[in-house]
Amino acid sequence: MNCEQVRKSLVFYLDGEISPEDARSIRAHLAGCDACRRELDELALTRKTASQTLQRLAAGSEPSPLAWSRLQATLNAGRDAHPPAYEPNVRSSRLAPGVSRTKEHRSIGANLMRKRIVLPALMAVVAIAVVAVFAANSVTPVSAQQVLERATTAQNAVGSMQGIHHLKVETYSNMQALTGEAAGVTRISDSYTDLQTGMLRSVVTDAVSGKVVDAFAYDGSYSYSHREDQLGADPVTLYRVPQKNVETDAQLTAGDPTAAAKAFFTQFTQDGGQKNVHTETWTDGRKVYTVEGPSKIKVVTEEMSNLPTGTMKMVFDAQTYQILEYQSALEKDGKEIVVNRFKMLVNETLPVDTKIAWNLSDVSGIAIVEDPNGEHGDVLPEKVTAEQLASQTQIYTLSKTPDGFTQEITSAPNQPKDQPLTYVISYRNAGGDYFVIQSNSAPASVMEMYNEEPFQTASGLKVSFAGNERSAGGKTYTSAAVTLPDGTTLLINSTLSRDEVKKWVEDLVPAVG
Amino acid sequence: MHPFHRQDPQDQETLARIFEQYKNLVYRTAYLMLDNACDAEEALQEVFIQVFKSLQAYDPSKGAFTTWLHRITINYCLGVRRRQRSPEQALDGESSGWVDEAAGQRLAGLADRDAVRQAIGELSEKQRAVIILRYYWEIPYAEIAQILDVPLGTVKSRVDLALRTLREKMTGQRETPYRAPTSQEESCP
């Protein structure tokens with residue numbers, strides 16, 4: 001063999017892909033040829049380095065632990081890729097998403113208001129990748145998206161406005177799932193709401209002990225509630241506070257044990273990542289969709305930076321798109337740890353004349369204490385006039401209520417004097433549009449999210465937007481922060497577009513008490 | 001006969017077993033071919049969908065199951081690379097022309113292994129495929145020929161050319177733009 005022949009064969013020689021005779025000839029040539037040996041050494045080094053580099057790169061690469069469930073969902077969805085068309089015959093909600101339906105458990109009054117403010121902003125944080133959510137998969141993106149969009153419409157819809165809505169749900173929650181400090185608790189929440197009068201009652205029992213752990217009610221004249229710091233007391237002490245002009249939305253919210261499910265749902269739809277859907281028929285004949293995908297797990301928290309991503313599985317009724325079940329789980333040490341679980345046990349509307357003990361007189365294991373001035377109980381927000389509110393704090397309202405809209409102002413009575421007053425000023429029309437001004441007690445980390453399109457109104461108010469004009473369910477909504485001359489801020493949530501909101505804030509004027 | 005052959009491909013347990021056994025084979029090839037964890041995840045899904053759809057078409061007399069799997073994976077990745085390359089983009093190995101001073105410094109500061117990674121990334125897709133099959137999976141030329149559905153001579157010339165190109169890139173002075181390594185931790189869109 002000459003040099004040229006040898007060099008052409010060196011790679012195959014190194015790879016052991018030549019005949020033994022050729023190998024012998026090459027070795028004989030190399031023994032007497034420095035140039036070819038150098039060539040061999042260089043190629044051997046290249047070969048070794050390439051191999052090591054590939055090994056190193058691949059060693060750090062593992063498929064996602066969710067890969068199989070994702071694939072499985074795709075395969076299942078492939079068998080039933082065309083869910084039936086659904087046209088929900090419902091009115092749009094009067095409630096702003098995240099404004100009135102964000103309670104994780106129960107908290108009325110100031111506490112409720114605080115949470116109301118935190119959640120929309122939290123949504124803003126995680127909503128950035130919404131548009132890209134469904135772009136990744138070419139196989140079943142439409143199905144998962146369709147289910148979630150229809151479900152969004154359904155969750156925001158107000159059903160019947162007459163009769164008594166009876167809901168019974170089971171929830172499991174283990175917020176310490178990651179640290180393993182505490183096992184989760186399973187609770188049964190049984191609630192009734194008179195959709196016309198707003199009377200409500202809700203009793204929460206521990207699923208294991210059967211004991212009442214929480215209860216509250218509004219019987220039209222009194223609210224029955226207990227203080228957050230007395231949670232877990234035995235027996236549960238409820239304070240009976242005379243209350244009038246209670247805000248209707250607050251009543252509906254307080255009586256809605258599915259509020260947490262809705263908040264989880266909103267979070268799920270706004271989280272990025274691949275979502276897959278599959279269909280099942282339950283033994284009772286109900287057809288359901290299960291949508292599964294990554295989701296940030298904790299919903300109501302003020303530690304914005306610490307929301308671990310896990311898996312959320314939500315089951316929707318294929319007819320009504322109501323949430324029937326969900327389960328959120330995190331993975332730790334290769335094991336799946338369930339953090340939250342939800343099961344709809346009863347969801348029915350009873351006749352108007354159904355007898356309900358709104359004053360909880362039939363509930364054992366609770367003690368009711370009179371609280372005529374609302375000093376102890378955690379009271380419901382009440383409707384107030386702009387003048388009443390303006391006498392307590394500086395508020396801004398629209399100079400004139402826009403045509404077709406109505407104004408409602410609510411604030412919890414007897415708020416602590418040493419803290420900024422919390423209140424909500426809402427403008428709503430029959431078409432479901434709203435423009436809601438809220439007092440702001442959100443932490444600074446939330447306010448940083450309002451950093452888009454800053455501008456100043458003619459009257460000197462500084463306005464900026466949060467980056468979540470989402471369109472799930474066909475509605476966009478806009479979140480803005482308004483900084484007043486004294487440095488305090490208001491938050492605005494609206495179904496109106498950014499451009500519209502920009503026009504409306506020009507019309508904000510201080511109300512006179 | 002391969003254990004999976006003739007089983008009902010709709011049987012979820014069987015599919016789960018196949019997936020568990022071969023996911024790393026598919027994922028790692030895809031990761032090395034596409035140099036990106038997100039694309040590799042996508043490849044994993046797409047390849048297995050294709051595998052499960054055509055499981056009954058797999059003929060053990062025509063080669064090992066892994067050969068078939070490698071073939072589907074490589075073909076998928078070649079397709080992805082083709083789709084990703086827009087007409088304006090330079091072909092493999094050519095600089096896209098943004099070598100500024102900072103990039104040059106970053107390049108100079110690169111560890112050798114990153115230079116090798118980059119060099120591998122700059123090979124043509126077909127050369128890259130043979131390098132991965134041969135030097136990562138250590139598959140013999142004859143089987144690579146089956147996987148790629150090309151004559152043995154073509155495999156030999158591709159391996160030879162690929163290795164020599166790598167040597168040139170690793171020892172040569174040619175400046176090429178640095179592409180930041182992608183990592184597993186990046187979240188996929």
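Since we're looking at a predicted model, the values are computed, not measured. The sequence lines fix the lettering, A, B, ..., with proteins before strands; numbering per chain opens at 1.
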S.K.: Give, for atom OG of A:Ser51 and atom CD1 of B:Ile131, the distance between the pair rounded to the nearest 0.5 Å.
M.R.: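 These two atoms lie 10.0 Å from each other.
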S.K.: Hey, does the side chain of A:Glu42 reach the backbone of B:Arg167 with a donor-acceptor pair shorter than 3.5 angstrom?
M.R.: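 Answer holds: no.
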S.K.: Looking at CG of A:Leu57 and CZ of B:Arg28, how far apart are the two atoms once the value is rounded to the nearest 0.5 Å?
M.R.: 11.0 Å
S.K.: Nearest 0.5 Å, what's the CG-OH distance between A:Leu54 and B:Tyr31?
M.R.: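 Rounded to the nearest 0.5 Å, the CG-OH separation comes to 11.5 Å.
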S.K.: Okay, side chain of A:Glu17, backbone of B:Tyr141: is any donor-acceptor separation there less than 3.5 Å?
M.R.: yes
S.K.: What pairs with A:Arg27 under salt bridge (charged side-chain N to carboxylate O under 4.0 Å, His left out), at least two apart in sequence or on another chain?
M.R.: none
S.K.: Do B:Tyr135 and A:Thr53 touch side chain to side chain, with heavy atoms closer than 4.5 Å?
M.R.: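 No, side chains not in contact.
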S.K.: Using the ring of each side chain (for Trp, its six-membered ring), is A:Trp68 parallel, tilted or perpendicular to B:Phe19, with breaks at 30° and 60°?
M.R.: tilted
S.K.: Search all heavy atoms of B:Ile120 against all heavy atoms of A:Ala50 and return the closest pair with its distance.
M.R.: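 Nearest heavy atoms, B:Ile120 then A:Ala50: CD1-O, 4.2 Å.
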S.K.: Can you measure from NZ (B:Lys156) to OG (A:Ser9) and round to the nearest 0.5 angstrom?
M.R.: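 Here the rounded value is 7.5 Å.
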S.K.: Taking atom CD of A:Gln274 and atom CD of B:Glu42, what is their separation to the nearest 0.5 Å?
M.R.: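 Reported value, rounded in 0.5 Å steps: 6.5 Å.
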S.K.: Under the side-chain contact (heavy atoms from CB on, under 4.5 Å) criterion, do B:Arg164 and A:Glu39 qualify, and how do the steps go?
M.R.: CA-CA 10 Å; B:Arg164 287 176 190 280; A:Glu39 171 103 1; 2.5 Å; yes
S.K.: Looking at every heavy atom in both A:Ala67 and B:Leu44, which two are closest together, and how far apart are they?
M.R.: CB-CD2, 3.7 Å
S.K.: Rounded to the nearest 0.5 Å, what separation is found between the OG1 atom of A:Thr46 and the NZ atom of B:Lys169?
M.R.: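 NZ of B:Lys169 is found 13.0 Å from OG1 of A:Thr46.
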S.K.: Can you confirm whether B:Asn24 sits close enough to A:Glu62 that some side-chain heavy atom of one is under 4.5 Å from a side-chain heavy atom of the other?
M.R.: yes
S.K.: Counting only heavy atoms closer than 4.5 Å, note whether A:Lys48 contacts chain B via side chain, backbone, both or neither.
M.R.: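 For A:Lys48, there is no contact with chain B at all, as no heavy atom is under 4.5 Å.
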S.K.: If we only count heavy atoms from C-beta on, is the B:Gln45 to A:Arg70 side-chain gap below 4.5 Å?
M.R.: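 Side-chain contact under 4.5 Å: yes.
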S.K.: Kindly give the heavy-atom pair with the smallest separation between B:Leu163 and A:Leu43, and that separation in Å.
M.R.: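 Distance-wise, the nearest heavy atoms are CD2-O, 4.2 Å.
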S.K.: Taking only residues two or more places apart in sequence, or in another chain, which ones meet A:Asp15 in a salt bridge (charged side-chain N to carboxylate O under 4.0 Å, His left out)?
M.R.: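 Residues passing salt bridge (charged side-chain N to carboxylate O under 4.0 Å, His left out) with A:Asp15: A:Arg47, B:Arg134.
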